[in-house]
Amino acid sequence: MGLVSSHTDVAKAAEAMLRERHGWCGADQAQTLVALGGDGFMLQTLHQMLESGHSRPVFGMNRGTVGFLMNDWRIDQLAERIAAAKAIRVAPLEMTAMTVSGQVATHAAINEVSLLRETRQTAKIEVSVNGRVVIPELVCDGVLVATPAGSTAYNLSAHGPILPLAAKLLALTPISPFRPRRWSGAILPDDTCIRFRVLEPENRPVSAVADQFEVRDVVQVDVKLDRERSLTLLFDPEHALDERIAMEQFAT
């Protein structure tokens with residue numbers, strides 16, 4: 001097993017305790033990784049694996065704040081917990097963004113890809129699904145595409161739907177839409193290709209964000225699911241991610 005932690009004092013203290021109790025190999029050589037931190041650190045760890053092309057199961061323990069993607073912190077019986085863990089596979093989105101200057105950037109997103117206005121002026125965005133224009137002009141603060149794993153994050157805050165983890169679906173959710181005023185978004189099959197074309201990009205600039213990776217001044221953004229680079233998260237069976245997402249539908 002390999003062990004990594006965030007830079008916070010709480011996470012570093014937990015790492016020190018675990019290193020005293022267990023033998024660890026280097027993170028690059030490990031077949032299973034233990035990650036200590038919060039949800040942000042888990043996303044960072046998963047993105048590093050996507051970039052390196054070296055994916056292995058990750059068992060996270062919460063030494064951050066919310067810890068939605070993490071297990072509870074307990075120092076005892078770690079090996080037994082990992083052996084009994086439930087494996088949850090998540091596939092990232094692939095964002096391909098073209099800028100006003102013609103540059104093209106490709107990034108992965110585990111939670112969501114979002115387009116956001118850069119100035120006080122609303123964005124105007126054309127939305128296409130599988131090559132068909134479905135909204136000729138969305139006037140809004142932005143719009144996002146979320147995976148089931150990310151549907152309880154920014155997507156939920158933007159009043160998007162919670163998607164069960166086993167559902168082969170994506171959420172397409174507007175952010176503060178002005179027109180069409182009554183459009184609240186869509187739920188799409190996860191083999192859908194979504195294209196956003198920014199209207200008036202010079203006067204109404206828009207940035208595209210794949211999790212924490214931002215590309216500014218975009219004119220076109222394509223989003224699709226990348227099943228070939230799916231990742232595996234390990235959870236205690238009584239507190240697995242799929243159950244947590246399902247129960248979020250009943251949160252008050």
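Other residues, nucleotides and ligands contribute at most 12 non-hydrogen atoms within 6.0 Å of the CZ atom of Arg195. Within a 6.0 Å sphere centred on CD of Glu238, other residues, nucleotides and ligands contribute more than 12 heavy atoms. Arg197 CZ: 12 or fewer foreign heavy atoms inside a 6.0 Å radius. Within 6.0 Å of CD on Glu228 lie no more than 12 heavy atoms contributed by other residues, nucleotides or ligands. The environment of His159 atom NE2 is sparse: at most 12 non-hydrogen atoms of other residues, nucleotides or ligands sit within 6.0 angstrom.
With respect to Arg244 and Glu248, no salt bridge is recorded, no charged nitrogen being found less than 4.0 Å from a carboxylate O. Ion pairing of Glu118 with Arg216 is present here, as a side-chain N (NZ or NE/NH1/NH2) and a carboxylate O approach within less than 4.0 Å. Salt bridge annotation for Arg81-Asp76: absent, with no cationic side-chain nitrogen under 4.0 angstrom from a carboxylate oxygen. Under a 4.0 Å N-O distance rule, the pair Asp191/Lys224 does not qualify as a salt bridge. We find that Arg117 and Asp141 are joined by a salt bridge, their nearest charged nitrogen and carboxylate oxygen being less than 4.0 Å apart. Between Asp9 and Lys12 no salt bridge is recorded (no basic side-chain N to carboxylate O distance below 4.0 Å).
Proximity of a side-chain donor or acceptor of Arg179 to a complementary backbone N or O of Leu138 within less than 3.5 Å is not detected. In this structure a side-chain-to-backbone donor-acceptor pair under 3.5 Å is missing from Trp73 to Ala11. Trp183 places no side-chain N or O within 3.5 Å of a backbone atom of Arg181 that could act as its donor or acceptor partner. At least one donor-acceptor pair under 3.5 Å links the side chain of Ser151 to the backbone N or O of Leu163. Asp39 places no side-chain N or O within 3.5 Å of a backbone atom of Asn62 that could act as its donor or acceptor partner. A donor-acceptor pair is defined here as one N or O able to donate and one able to accept, closer than 3.5 Å; such a pair exists between the side chain of Ser52 and the backbone of Gln48. Between the side chain of Arg56 and the main chain of His54, a donor-acceptor pair closer than 3.5 Å is present. Listed for the Asn130 side chain is a donor-acceptor partner under 3.5 Å among the backbone atoms of Cys193. Put simply, the side chain of Gln249 gets close to the backbone of Ala246: a donor and an acceptor are under 3.5 Å apart. Of the possible donor and acceptor atoms, one in the side chain of Asn155 sits under 3.5 Å from a partner among the backbone N and O of Pro161.
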Which atom pairs, donor and acceptor, lie under 3.5 Å between side-chain atoms of residues 100-111 and protein residues at least two apart or in another chain?
residue : atom : partner : partner atom : Å
Ser101  : OG   : Thr99   : OG1          : 3.0

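Arg204 places none of its side-chain heavy atoms less than 4.5 Å from the side chain of Leu199.
Applying the side-chain contact (heavy atoms from CB on, under 4.5 Å) criterion to Ala13, with sequence neighbours excluded, gives no partner residue.
Side-chain atoms of Arg63 and Thr8 include no donor-acceptor pair closer than 3.5 Å.
Note on Leu165 and Leu169: separate hydrophobic clusters, where clusters join Ile, Leu, Val, Met, Phe, Trp and Tyr whose side-chain heavy atoms are under 4.5 Å apart, directly or indirectly.
Checking each of Val206, Thr122, Ile125, Ile175 against Cys140 for a side chain to side chain contact (heavy atoms under 4.5 Å, CB included) leaves exactly one that passes, namely Ile125.
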(message) Run Asp211 and His47 through side chain to side chain contact (heavy atoms under 4.5 Å, CB included) and show every step you take.
(response) CA-CA 9 Å; Asp211 288 344; His47 275 285; 2.7 Å; yes

